[in-house]
K.L.:
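Once you've had a glance at the structure underneath, I'll fire off some questions.
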Amino acid sequence: MNIPHRPLLCLALAAFLPALATAQATAQAIPADQPYDTARDLFNMTVDTPPDADTLARGQAIALQGAGDVQSCVTCHSVDGQGDGSGSFPRLTGQPAWYLDKQLDDYASDARPDDLMTPVAQSLSEDDRAAVSAYYASLAAPLRVARGQVSMRDIQKGAAIARAGSPDKGLPACTNCHGPDGTGNPPSVPYLAGQYANYMVLQLDRWKRGQRDNDFGGMMSAIARKMTAEDMRAISEYYERVANPLTTKDPE
């Protein structure tokens with residue numbers, strides 16, 4: 001089925017990032033509870049069928065057992081995609097399949113170079129990357145307990161920027177693109193709620209330094225350059241402590 005176009009750009013960019021707001025950027029959004037297959041073109045995306053059982057089984061086999069010379073994904077990302085809370089291994093549980101697939105494609109093409117993930121992605125076929133992305137997107141898992149001690153003042157600062165931005169710095173609210181409470185805007189915008197603070201800080205720093213630039217129109221790069229290290233840490237620590245109802249289940 002074809003998914004109708006719907007604007008995905010943050011409305012706040014018109015005020016905070018006028019150069020980016022003028023870009024011709026419309027993407028297709030899919031409800032978070034609707035399954036979808038992989039898609040590779042952000043602006044001309046059609047969804048034919050949901051991932052079938054064979055695709056999910058293939059993705060699970062790659063995640064649990066690896067493929068060829070590629071070690072299993074669970075070695076770093078755990079069985080249910082929780083990761084380990086470090087800066088290197090993010091939570092994949094329930095992240096949009098299209099987004100995960102795009103990241104793997106970008107690792108494979110070196111559009112998002114990474115010493116660990118680039119060789120892994122390059123060793124997987126396109127179908128393998130799509131299958132393992134669909135598998136991780138289908139999972140839910142409990143949240144790990146947030147690491148480290150963070151002051152309530154920093155949490156409040158992160159919450160304020162996430163919800164309202166920082167007009168004096170030209171920062172839009174994170175929720176404008178990443179959804180209410182950071183739950184994401186599938187298929188192209190990932191969730192932040194429940195993601196690990198150390199991972200988010202690392203990615204923001206890479207965008208700021210120009211070490212990562214695989215986001216559309218350089219939005220995240222432009223935003224990160226306006227952020228201080230304290231801003232990055234405050235936002236990240238806040239979101240790590242926000243439960244994402246779309247991807248979180250109670251511990252058994």
K.L.:
If you round to the nearest 0.5 Å, how far is CG of Leu143 from CZ of Arg241?
P.N.:
11.5 Å
K.L.:
Side-chain heavy atoms nearer than 4.5 Å, only ILVMFWY residues, links allowed to pass through others: does that put Ile155 and Met227 together?
P.N.:
yes
K.L.:
So, Gln95 side chain and Pro190 main chain: donor-acceptor pair closer than 3.5 Å or not?
P.N.:
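Such a contact is absent between Gln95 side chain and Pro190 backbone.
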K.L.:
For the side chain of Asp215 and the backbone of Met219, is there at least one donor-acceptor N/O pair under 3.5 Å apart?
P.N.:
yes
K.L.:
Measure across Ala137 and Leu100 and return the closest heavy-atom pair with its distance rounded to 0.1 Å.
P.N.:
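In terms of heavy atoms, the two residues are closest at N-CD1, 4.3 Å.
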K.L.:
Quick check: do Cys174 and Tyr239 have side-chain heavy atoms less than 4.5 Å from each other?
P.N.:
yes
K.L.:
I'd like to know if Asp213 pairs up with Arg206 as an ion pair, taking the criterion as any Lys NZ or Arg NE/NH1/NH2 lying under 4.0 Å from an Asp or Glu carboxylate oxygen.
P.N.:
no
K.L.:
Without hydrogens or angle criteria, can the side chains of Thr183 and Asp181 be said to hold a donor-acceptor pair below 3.5 Å?
P.N.:
no
K.L.:
Would you compute the distance between atom OG of Ser188 and atom CH2 of Trp98 and round it to the nearest 0.5 angstrom?
P.N.:
5.5 Å
K.L.:
Can you tell me how far OG of Ser88 sits from CG of Leu202, rounded to the nearest 0.5 angstrom?
P.N.:
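Reported to 0.5 Å precision, the distance equals 7.0 Å.
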K.L.:
Can you name the nearest heavy-atom pair linking Asn198 to Gly85, along with the distance?
P.N.:
ND2-O, 3.6 Å
K.L.:
Tell me the side-chain hydrogen bond (donor to acceptor under 3.5 Å, both in side chains) pairs involving residues 76-85, sequence neighbours left out?
P.N.:
Ser78-Asp80, Asp84-Ser86
K.L.:
Provide the closest heavy-atom pair for Val120 versus Leu116 in the form atom of the first, atom of the second, distance.
P.N.:
CG2-O, 3.4 Å
K.L.:
If every non-hydrogen atom of Thr93 is compared with every non-hydrogen atom of Leu139, which pair is closest and at what distance?
P.N.:
CG2-O, 3.4 Å
K.L.:
Measure the spacing between CD of Gln60 and OG of Ser138 and express it to the nearest 0.5 Å.
P.N.:
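Nearest 0.5 Å value for the CD-OG distance: 8.5 Å.
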K.L.:
Please identify which of these residues, Lys226, Gln203, Met232, Met220, meets the side-chain contact (heavy atoms from CB on, under 4.5 Å) condition with Lys208.
P.N.:
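Only one of Lys226, Gln203, Met232, Met220 forms a side-chain contact (heavy atoms from CB on, under 4.5 Å) with Lys208, namely Met232.
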K.L.:
When you measure from the side chain of Ser133 to the backbone of Asp101, do you find a donor-acceptor pair of N or O atoms at a distance under 3.5 Å?
P.N.:
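Judged by distance alone, yes, a pair lies under 3.5 Å.
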K.L.:
For residues Gln122 and Ala108, report the shortest heavy-atom separation together with the two atoms involved.
P.N.:
NE2-O, 3.1 Å
K.L.:
Would Arg91 and Tyr136 count as a side-chain hydrogen bond (donor to acceptor under 3.5 Å, both in side chains) if you check the C-alpha gap in whole Å, the side-chain angles of each, and the deciding distance to 0.1 Å?
P.N.:
CA-CA 10 Å; Arg91 181 180 172 94; Tyr136 274 116; over 6 Å; no
K.L.:
Provide the closest heavy-atom pair for Pro96 versus Pro187 in the form atom of the first, atom of the second, distance.
P.N.:
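Of all heavy-atom pairs spanning Pro96 and Pro187, the closest is CB-O, 3.6 Å.
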K.L.:
Do Gln195 and Asn244 have side-chain N/O donor and acceptor atoms under 3.5 Å apart?
P.N.:
no
K.L.:
Do Tyr238 and Arg233 have a side chain donor and acceptor closer than 3.5 Å?
P.N.:
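No, no side-chain donor-acceptor pair sits under 3.5 Å.
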K.L.:
Hey, is the main chain of Pro51 close enough, under 3.5 Å, to the side chain of Thr55 for a donor-acceptor pair?
P.N.:
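Flag not set: sc Thr55 to bb Pro51 has no pair under 3.5 Å.
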K.L.:
What do the steps show when you test Asp168 against Ser166 for side-chain hydrogen bond (donor to acceptor under 3.5 Å, both in side chains), and what is the final call?
P.N.:
CA-CA 6 Å; Asp168 59 322; Ser166 179; 2.6 Å; yes
K.L.:
Decide, yes or no, whether a salt bridge links Lys102 with Asp106 under the criterion of side-chain N to carboxylate O below 4.0 Å.
P.N.:
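Judged by the 4.0 Å cut-off on N to carboxylate O distance, Lys102 and Asp106 do form a salt bridge.
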K.L.:
When you measure from the side chain of Arg129 to the backbone N and O of Ala121, does any donor-acceptor pair fall under 3.5 Å?
P.N.:
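Yes, Arg129 side chain to Ala121 backbone: donor-acceptor pair under 3.5 Å.
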K.L.:
Nearest 0.5 angstrom please: Arg163 CZ to Ile235 CD1, how far?
P.N.:
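The CD1 atom of Ile235 is 12.5 Å from CZ of Arg163, to the nearest 0.5 Å.
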K.L.:
Set out, in order, the CA-CA distance, both residues' side-chain angles and the distance that settles side chain to side chain contact (heavy atoms under 4.5 Å, CB included) for Ser123 and Asp69, then state yes or no.
P.N.:
CA-CA 7 Å; Ser123 298; Asp69 295 332; 5.7 Å; no
K.L.:
Using a strict cut-off of less than 4.0 Å between a Lys/Arg side-chain nitrogen and an Asp/Glu carboxylate oxygen, indicate whether Arg212 and Asp114 qualify as a salt bridge.
P.N.:
no
K.L.:
Same cluster or not: Trp207 versus Ile223, using hydrophobic residues (I, L, V, M, F, W, Y) connected whenever any side-chain heavy atoms lie under 4.5 Å apart?
P.N.:
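Trp207 clusters together with Ile223.
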